[in-house]
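Side-chain atoms are counted along with the backbone in the values below, which use heavy atoms only and exclude waters and symmetry mates. Sequence positions, counted from 1, serve as the residue numbers for this chain.
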Amino acid sequence: MNKNISLDDIKLNDKQTSIFKLIVETYIETGEPVGSKKLVEKCKLNTSSATIRNIMALLETYNLLEKPHISGGRVPSTLGLQYYAKYLIYDPKKYFNQKLEDLLAKRRIRVDATLDEAASIVSKMANFTVVATTNNASELLKSIQLTPLNDISAIVVLVTSTGRVESKMFNYDNKEIQLNDLKIAIRLFKERLIDVPLIELSEKANALMPLFAQQVKNYELVMQQFIKKVFVFEEETKTKTYNKGAIILSESISREDIAKVLELIEKHSVWEAIDNSLDEDNNLKLDLSRPNLSIISKKIGYSNDENIKEISVVGPANINYEESFEAINMLEKMIKEKKNEN
């Protein structure tokens, strides 16, 4: 066995590839070491057990398989699972799993369904955990409106590029700030701050001081109120986890590892925490470095104002990779189509 071998060094012929794929899929299905006789019987192969053992031995020299016990069968190694995921399963052009689409149709969820509904369904169906990570760094201001309530208060309504609506109460003293000055301020903000990131509104608004000085009475007080009470946004990264029980109830993941992975998916960017790249062109990463755990993460990047930044799937080492990739692809497509329809 060559411990230093890389994925690029591995060259398998069609027969070896076919047998390796069957071994991995049998292991994923059963969670148990796979022997040559068991493989022949289960898959009804027209190949002798001796031939299968020879292929297994070769695959072991490539570090694609390993033997947990001397007398037992073989299981895919970490490198083997990476090879299987990258070369035998992953296909960025593949259409979504028909089972997933059928399930969504039965639930009467349209193609513009929310991520919450879709992620919850696919995670429970495939019994893995789905993690959606959002970040507001590129969320833009799209509209700002002023609605007076009485002589001393008004509502400022902000609409963002993700469809979020923020209502801010604006209290003022008619002796210092008049309603007409607020209307002028809103007009200037519409002219100068539309399409500015929310987290930059205070800074950009402050830069408008010279312009406000020419058109707004008590402009410093007006600007101070907007900066302190209306344009109050900070960069936030949040995660939402669906079907967390798939990790917590897994018998193959230790309690210690469960605590670590829950801390990872709830407090950090999953995609940024993964070093290994599966498909750089499509911003897809695969992490098998954690014991008995598989993490697949896709960075979403359709437009600068899209709030959803990552979709990740987390499960045991023998996770169904095909369903995982298709679930990520499906959720990504739904996000894209929902975005286009908005």
Side-chain angles (χ1 to χ4, degrees), residues 100 109 113-140 160-164 166 197-199 233-250 253-279 282-317 319-321 323-336 338-339 342:
L100 296 178
I109 292 181
T114 65
L115 179 65
D116 280 7
E117 294 170 306
S120 178
I121 287 174
V122 298
S123 63
K124 290 177 181 176
M125 188 199 77
N127 197 32
F128 49 55
T129 300
V130 172
V131 183
T133 304
T134 62
N135 181 279
N136 67 340
S138 55
E139 190 173 5
L140 311 178
T160 77
S161 55
T162 62
R164 180 156 61 112
E166 291 277 343
L198 298 186
I199 61 174
F233 296 96
E234 295 181 353
E235 183 174 354
E236 295 179 321
T237 296
K238 297 180 179 179
T239 62
K240 190 159 188 180
T241 308
Y242 307 89
N243 195 23
K244 193 185 299 182
I247 296 176
I248 296 174
L249 300 178
S250 175
I253 306 175
S254 71
R255 300 301 95 185
E256 181 182 357
D257 291 331
I258 288 174
K260 290 179 180 177
V261 74
L262 289 178
E263 198 273 341
L264 167 67
I265 65 179
E266 292 177 355
K267 298 183 179 179
H268 303 280
S269 161
V270 178
W271 193 87
E272 290 182 0
I274 298 176
D275 293 328
N276 298 324
S277 176
L278 177 67
D279 184 346
N282 287 286
N283 288 324
L284 191 66
K285 290 183 176 182
L286 172 65
D287 184 4
L288 298 174
S289 64
R290 295 167 174 82
N292 301 312
L293 194 68
S294 298
I295 303 177
I296 304 168
S297 187
K298 177 70 184 284
K299 188 175 183 180
I300 309 295
Y302 285 111
S303 62
N304 290 333
D305 57 353
E306 182 53 72
N307 211 27
I308 298 167
K309 298 302 180 186
E310 305 167 23
I311 296 292
S312 305
V313 166
V314 183
I319 192 173
N320 188 310
Y321 289 96
E323 285 190 352
S324 299
F325 287 128
E326 290 175 0
I328 289 175
N329 286 339
M330 179 180 181
L331 294 172
E332 183 184 27
K333 183 182 179 184
M334 292 184 74
I335 292 168
K336 181 181 179 182
K338 182 176 174 63
K339 171 67 182 174
N342 290 340

Measure across [X] and [Y] and return the closest heavy-atom pair with its distance rounded to 0.1 Å.
X	Y	answer
Ile274	Ser297	CD1-CB, 3.9 Å
Trp271	Asn283	NE1-O, 3.1 Å
Thr239	Ile265	OG1-O, 2.9 Å
Gly315	Leu293	O-CD1, 3.3 Å
Ile258	Arg255	CD1-NH2, 3.1 Å
Glu235	Asn135	OE2-ND2, 3.4 Å

Gap separating the [atom1] atom of [X] from the [atom2] atom of [Y], nearest 0.5 angstrom:
X	Y	atom1	atom2	value
Leu278	Tyr321	CG	OH	10.0 Å
Leu284	Lys299	CG	NZ	13.0 Å
Asp275	Leu286	CG	CG	12.0 Å
Glu323	Glu326	CD	CD	7.5 Å
Asn292	Ile319	CG	CD1	13.0 Å

- request: Please examine the side chains of Phe233 and Pro197, heavy atoms only from C-beta on, and report whether any two atoms are closer than 4.5 Å.
  value: no

So do the side chains of Ile248 and Leu262 get within less than 4.5 Å of each other, counting heavy atoms only? yes

Could you walk me through whether Thr237 and Glu272 satisfy the side-chain contact (heavy atoms from CB on, under 4.5 Å) test, starting with their C-alpha distance in whole Å, then the side-chain angles of each, then the deciding distance to 0.1 Å, before giving a yes or no? CA-CA 12 Å; Thr237 296; Glu272 290 182 0; over 6 Å; no

Show your working on side chain to side chain donor-acceptor pair (under 3.5 Å) between Glu166 and Thr160 and close with a plain yes or no. CA-CA 8 Å; Glu166 291 277 343; Thr160 77; over 6 Å; no

Going by atom types alone, do Lys309 and Ser138 pair a side-chain donor with an acceptor below 3.5 Å? yes

Residues Thr241 and Glu266: side-chain donor-acceptor under 3.5 angstrom:
no

So, does [X] use its side chain to make a donor-acceptor pair with the main chain of [Y] at under 3.5 Å?
X	Y	value
Asn136	Glu234	yes
Ser250	Ala246	no
Thr133	Ser269	no
Asn243	Phe128	yes

Worksheet item: Which is it for Ile295 and Val131 under the side-chain contact (heavy atoms from CB on, under 4.5 Å) test, yes or no, and what are the steps along the way?
Response: CA-CA 10 Å; Ile295 303 177; Val131 183; over 6 Å; no

side-chain contact (heavy atoms from CB on, under 4.5 Å), that's the test. Do Glu332 and Ile311 meet it? Break it down for me. CA-CA 8 Å; Glu332 183 184 27; Ile311 296 292; 5.7 Å; no

